[in-house]
Amino acid sequence: MTPDELSEALSAALASAVADGTLALDADALPSSVHVERPKQREHGDWATNVALQLAKKAGTTPRALAEDLAGRLGSTPGIKAVDVAGPGFLNITLEAGAAGELARTIVEAGAEYGRSDALDGQVIDLEYISANPTGPLHIGHTRWAALGDSLVRILRAAGADVTAEYYINDAGAQMDRFGASVLAQIHGTEVPEGGYRGEYVAELGRQVLAANPQIVDLPEDEAVALARDEAYRLQLAEIRDVLDSFGVHFDVWFSERTLHDSGAVTTAVERLREQGHVYDDGGAVWLRTTDFTDDKDRVLIRANGEPTYFAADAAYYLSKKDRGFPGKIYLLGADHHGYINRLKAISAAAGDDPAANIEILIGQLVSVQGAKLSKRAGNIIELRDLVEWIGADAVRYSLSRYPADTPLELAGEEMIKQSNDNPVFYVQYAHSRTCAVDRNAADRAVRRVLDDGTDGFDPALLDHPTEAVLVGRLTEFPRIVAQAAELREPHRIARYLEGLAADYHKWYAECRVLPYPDEEVQDVHRTRLWLNDAVRQVLANGLDLLGVSAPERM
RNA sequence: GCGCCUGUAGCUCAGUGGAUAGAGCGUCUGCCUCCGGAGCAGAAGGUCGGGGGUUCGAGUCCCUCCAGGCGCACCA
């Protein structure tokens, strides 16, 4: 029996109580679905609901009286072993072991599909994340968005959404020229210009640019800067793509800001917004009246000197996403960008969209290392590449995915490396590799889920140990957890769930042997437990995949 | 000054109005004669930042104060 089926049974009980006049409520005053949840305390049964507490007052009765009545109506439902009324009026429901354990077979047969849902079916979404400037390597700050963004893509897809992962390359503007000048300065061995980029990577880029373009030293200054800029940009972008690849993060679209300028899309965007009636001229500049919406001041699109602002490119980029057919646009941004929320929503509204439905801005808090702020220009960066090399992609991804994005994260500098062995990712991965070890040993002992005669030897009623009720209950929750993580855009819920599942599995493993002892015959209890073992293996693998973390067969 | 985020165990953090507030790490005590000890069982450790309020019920919602982070450009 699944929680959905249980919920329906409760709805039916409520409806019958209304029908025979026991419950003095209109049928349409009943909740559309009854919420059931896993109680924290094991002795409170497999599932619990507070529906009696919520309805009693409206019906002019007491929660306990209503709960008692519902308990009576539910008692004879097939698959339900016991219904108890507890505390102020909770209904605690215990399922028959067989009814609950059937899930193990369902999961094994569903395989990688278990956990997927249609919760977000039909939604077409563009999810933009990282979008770091191509003027330096990705550092630990970007790494958080890389891990969260990619996991979110996977989770949204598992919930049925059609998602395109997109990286916006800020390859236009004065910063690129400063970048080129900085690289050129390294080539010439001169001082890094004011506001330029520093760090060993700039020197390395200089060496590579010089090696491939020895003629650069003879070019006029402006041509040399342009060449250094374009060559270093190409190298740096390739480096970013390469390191993301090694991190298991892949984008469907790499979108160049420069193409917006070169194609005239920025100019067109300003015109389109003007047609919508939200653009005006003042002081020689062109403004978007973002205060028509939720912004606290208007924003400049075209400066008095004729140059478009970064904001104008943002508007053009938004229109591009709209034109390319994405009703849903999710931006995953760092907290240092939260000042843009209102103006981005204003762009959406000014373009004729509904900001509440067409744009969603997720703000993630920044990562700090022992209080030190990380600055590219200061050169004190911890690079993603180094992190992966030190503690491994799995451990980095997992430890950044197990916290909500809006939690400010403080990582302990040197501790991080030695911390790797204590990372909860190994606890979860170990549980998975343990299920695989059981499978290997089962094969050696000729314990199989399906017998030679075609019967499967699966008897869920044999899963009657307390740790099995807990474990099966946890497996039941997985699809809801995935759907919830998708709807709330919170990948960390997957990680926390997996930690709980791994704990339940380890406890079960310590209490219930899957394989027979050497002098023992293979019986259905062993085969049935193997089904459960493999169901856990499948859910661990499915969950880890949603986080972009590997599920090793051996460690 | 204004806005957004955060404040929960020694540390890093879970907990989208429910019952006795949890996990990992750290500390202490047990458990490998049989499926992997990267594990299990147990102990210690909390005025959920302070104060009001709403509710049958508040770590969770509202108000207020305190503390920390981030942001308030014709920069990108």
Side-chain angles (χ1 to χ4, degrees), chain A residues 37 39-41 43-44 48-50 53-54 56-57 62-63 86-90 92 133 135 170 172-176 178 195 257 282-287 296-297 299-311 313 334-342 363-366 368 371 373 399 402-412 415 419 421-424 426-431 433-434 436-442 444-445 447 484 487-488 490 492-493 495-496 499-500 502-503 505-520 526 529-530 533 554-555:
Chain A
E37 60 184 15
K40 288 176 194 161
Q41 271 78 38
E43 55 271 26
H44 292 152
T49 179
N50 60 358
L53 286 155
Q54 290 174 332
K57 195 172 187 178
T62 66
F90 292 101
N92 292 336
N133 295 346
T135 54
N170 297 133
Q175 55 164 350
M176 292 303 291
R178 279 200 295 274
E257 179 191 354
D282 185 53
V286 179
W287 297 71
D296 52 1
K297 58 169 293 195
R299 306 290 168 178
V300 171
L301 289 167
I302 309 292
R303 289 187 266 265
N305 67 8
E307 288 293 315
T309 60
Y310 185 83
F311 180 61
D336 53 343
H337 286 72
H338 87 248
Y340 304 154
I341 297 176
N342 284 336
I363 293 297
Q365 296 299 306
L366 303 177
S368 63
K373 286 203 295 183
S399 53
R402 67 189 293 272
Y403 304 109
D406 53 11
T407 302
L409 260 194
E410 181 160 2
L411 300 178
E415 295 292 307
Q419 201 186 29
N421 240 14
D422 305 324
N423 193 308
F426 296 110
Y427 183 76
V428 176
Q429 287 184 319
Y430 179 62
S433 62
R434 212 176 207 184
C436 296
V438 169
D439 282 340
R440 289 191 294 269
N441 294 327
D444 288 346
R445 291 293 311 277
V447 179
Q484 188 181 48
E487 284 161 4
L488 298 174
E490 293 185 335
H492 77 276
R493 290 175 184 275
R496 300 292 170 160
E499 289 167 34
Y505 176 76
H506 286 310
K507 285 172 187 169
W508 173 67
Y509 180 90
E511 295 286 333
C512 299
R513 269 187 73 95
V514 175
L515 302 183
Y517 288 105
D519 56 351
E520 204 180 0
H526 307 118
R529 284 177 177 170
L530 188 60
N533 179 78
R554 297 173 198 268
M555 293 175 69

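Sequence lines set the chain letters: A, B, ... in the order given, protein chains first and strands last, and positions in each chain run from 1.
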Item to check | Nearest-angstrom distance from the residue atom CD of A:Glu490 to C1' of B:U60 | outcome: 14 Å
Checklist entry - Within the structure shown, what part of the strands sits under 4.0 Å from A:Pro404 by heavy-atom distance: base, sugar-phosphate, or nothing? => result sugar-phosphate
Checklist entry - Are the ring of A:His44 and the base ring of B:A19 both nearer than 5.5 Å at their centres and tilted by less than 30°? => result yes
Checklist entry - Got a second to check how far A:Asn342's CG is from A:Lys297's NZ, nearest 0.5 Å? => result 13.0 Å
Item to check | Atom P, compared across B:U64 and B:C5: separation rounded to whole Å | outcome: 14 Å
Checklist outcome for this item: For B:G71, the nucleotide meeting Watson-Crick or G-U wobble distances (both under 3.5 Å) is B:C2
Checklist entry - Closest to the A:Leu53 side chain: B:G18, B:G39, B:C35? => result B:G18
Next on the checklist: Any base atoms under 4.0 Å from A:Ala431, or only sugar-phosphate, or nothing? Heavy atoms, all strands.
Outcome noted: nothing
Next on the checklist: Work out how far the P atom of B:C2 is from that of B:A58, and round it to whole angstrom.
Outcome noted: 31 Å
Next on the checklist: Just to be sure I understand the rule, does A:Pro518 reach a base, reach only the sugar-phosphate, or reach nothing, if contact means heavy atoms closer than 4.0 Å?
Outcome noted: base
Item to check | Inter-residue atom distance A:Phe90.CZ - A:Thr49.OG1, 0.5 Å rounding | outcome: 9.5 Å
Next on the checklist: If you assign A:Val514 and A:Ala510 each to the RNA chain B nucleotide with the nearest heavy atom, which residue ends up on the more 5' nucleotide?
Outcome noted: A:Val514
Next on the checklist: In whole Å, measure the gap between the P atoms of B:A14 and B:G7 for me.
Outcome noted: 7 Å
Checklist entry - Within the structure, does a side-chain N or O atom of A:Asn50 lie under 4.0 Å from either OP1 or OP2 of B:G17? => result no
Checklist entry - Within the structure shown, what part of the strands sits under 4.0 Å from A:Asn92 by heavy-atom distance: base, sugar-phosphate, or nothing? => result base
Checklist outcome for this item: Between CZ of A:Arg434 and C1' of B:G36 the distance, given in whole Å, is 6 Å
Item to check | Donor-acceptor pair between A:Tyr509 and A:Asn533 side chains, under 3.5 angstrom | outcome: no
Checklist outcome for this item: Across every strand shown, the nucleotide meeting Watson-Crick or G-U wobble geometry with B:C61 (both distances under 3.5 Å) is B:G53
Item to check | Smallest separation among heavy atoms of A:Glu257 and A:Asn170, with atom names | outcome: OE1-CA, 3.4 Å
Item to check | Strand partner of B:A44, provided both Watson-Crick or wobble distances fall under 3.5 Å | outcome: none
Checklist entry - Looking only at atom P, what distance separates B:C4 and B:C61, rounded to whole Å? => result 15 Å
Checklist entry - Does some side-chain heavy atom of A:Asp439 sit less than 4.5 Å from a side-chain heavy atom of A:Leu530? => result yes
Checklist entry - Which of the following nucleotides, B:G36, B:C13, B:C70, is nearest to the side chain of A:Leu409? => result B:C13
Checklist entry - Any idea which of B:C35, B:C56, B:C40 is nearest the A:Arg513 side chain? => result B:C35
Checklist entry - Quantified in whole Å, what is the C1' atom distance between nucleotide B:C40 and nucleotide B:G3? => result 50 Å
Item to check | Touch class at under 4.0 angstrom, heavy-atom based, for A:Arg445 against every strand present | outcome: nothing
Item to check | Minimum heavy-atom distance A:Ser433-A:Met555, with the two atoms named | outcome: OG-SD, 3.5 Å
Checklist entry - Does NZ or CZ of A:Arg513 lie under 6.0 Å from the centre of the six-membered ring of A:Tyr517, at an angle within 45° of the ring axis? => result yes
Checklist entry - Which whole number of Å gives the distance between the P atom of B:G15 and that of B:A23? => result 15 Å
Checklist entry - Expressed in whole Å, how much space separates the C1' atoms belonging to B:C62 and B:A73? => result 36 Å
Checklist outcome for this item: Mate of B:A38 across any strand shown (Watson-Crick or G-U wobble, both atom pairs under 3.5 Å) is none
Checklist entry - Looking at A:Lys40, does any N or O in its side chain come under 4.0 Å of the phosphate oxygens OP1/OP2 on B:A19? => result yes
Checklist entry - Taking CG from A:Leu366 and P from B:G69, how many angstroms apart are they, rounded to a whole number? => result 12 Å
Checklist entry - When the ring planes of A:Tyr505 and A:Trp508 are compared, do they come out parallel, tilted or perpendicular, using 30° and 60° as the limits? => result tilted
Checklist entry - Between the side chains of A:Asn133 and A:Gln175, does any donor sit under 3.5 Å from an acceptor? => result yes
Next on the checklist: Tell me which nucleotide, if any, is Watson-Crick or G-U wobble paired with B:G22 when both distances must be under 3.5 Å.
Outcome noted: B:C13
Next on the checklist: So if I define the base as every atom that isn't primed, P, OP1 or OP2, how would nucleotides 23-29 of chain B read as a B/S/- string at a heavy-atom cutoff under 4.0 Å?
Outcome noted: -SS----
Item to check | Interatomic distance at C1', B:G30 relative to B:A44, whole Å | outcome: 15 Å
Next on the checklist: Looking only at the side chain of A:Asp406 (C-beta and beyond, no hydrogens), which of the listed nucleotides B:C13, B:C56, B:U6 gets closest?
Outcome noted: B:U6
Checklist outcome for this item: When A:Ile363 and A:His492 are each assigned the nearest nucleotide of RNA chain B, the 5'-most assignment goes to A:Ile363
Checklist entry - Just checking A:Cys512: base, sugar-phosphate only, or nothing, at a heavy-atom cut-off of under 4.0 Å? => result base
Checklist entry - What pair of heavy atoms forms the shortest contact from A:Arg402 to A:Ser399, and how long is it? => result CG-O, 3.8 Å
Checklist entry - Side-chain donor or acceptor of A:Asp336 under 3.5 Å from a matching atom on the base of B:G71? => result no
Item to check | Heavy-atom closest contact (A:Ile363 atom, A:Gly334 atom, distance) | outcome: CD1-O, 4.0 Å
Item to check | Side chain of A:Pro88 - closest among B:G18, B:G22, B:G39 | outcome: B:G18
Checklist entry - So, for A:Ala335 and A:Leu366, which heavy atoms are closest and what is the spacing to 0.1 Å? => result N-CD2, 3.9 Å
Item to check | From CG (A:Asp406) to NE2 (A:His492), nearest 0.5 Å | outcome: 8.5 Å
Next on the checklist: Check for me: is A:Tyr403 stacked on B:C13 by the 5.5 Å centroid and 30° plane-angle rule?
Outcome noted: no
Checklist entry - Under 4.0 Å between a side-chain N or O of A:Arg493 and OP1 or OP2 of B:G15? => result yes
Tabulated below should be each protein N or O lying under 3.5 Å from an N or O of nucleotides 74-76 of chain B; please produce it.
| unit_1 | atom_1 | unit_2 | atom_2 | d |
| --- | --- | --- | --- | --- |
| B:C74 | O3' | A:Arg303 | NH1 | 3.4 |
| B:C74 | O2 | A:Ala304 | N | 2.8 |
| B:C75 | OP2 | A:Arg303 | NE | 2.9 |
| B:C75 | OP2 | A:Arg303 | NH1 | 2.7 |
| B:C75 | O5' | A:Arg303 | NH1 | 3.1 |
| B:C75 | N4 | A:Tyr340 | OH | 3.0 |
| B:A76 | OP1 | A:Arg303 | NH2 | 2.9 |
| B:A76 | OP2 | A:Arg303 | NH1 | 3.0 |
| B:A76 | O3' | A:Ala172 | O | 3.0 |
| B:A76 | O3' | A:Gln175 | NE2 | 3.0 |
| B:A76 | O2' | A:Gln175 | OE1 | 2.8 |
| B:A76 | O2' | A:Gln175 | NE2 | 2.9 |
| B:A76 | N6 | A:Tyr340 | OH | 2.7 |
| B:A76 | N1 | A:Tyr340 | OH | 2.1 |

Checklist entry - A:Gln365 side chain: which of B:G36, B:C5, B:A14 is closest? => result B:C5
Next on the checklist: So if I take every side-chain heavy atom of A:Asn441 and compare against B:G36, B:U20, B:C40, which nucleotide ends up nearest?
Outcome noted: B:G36
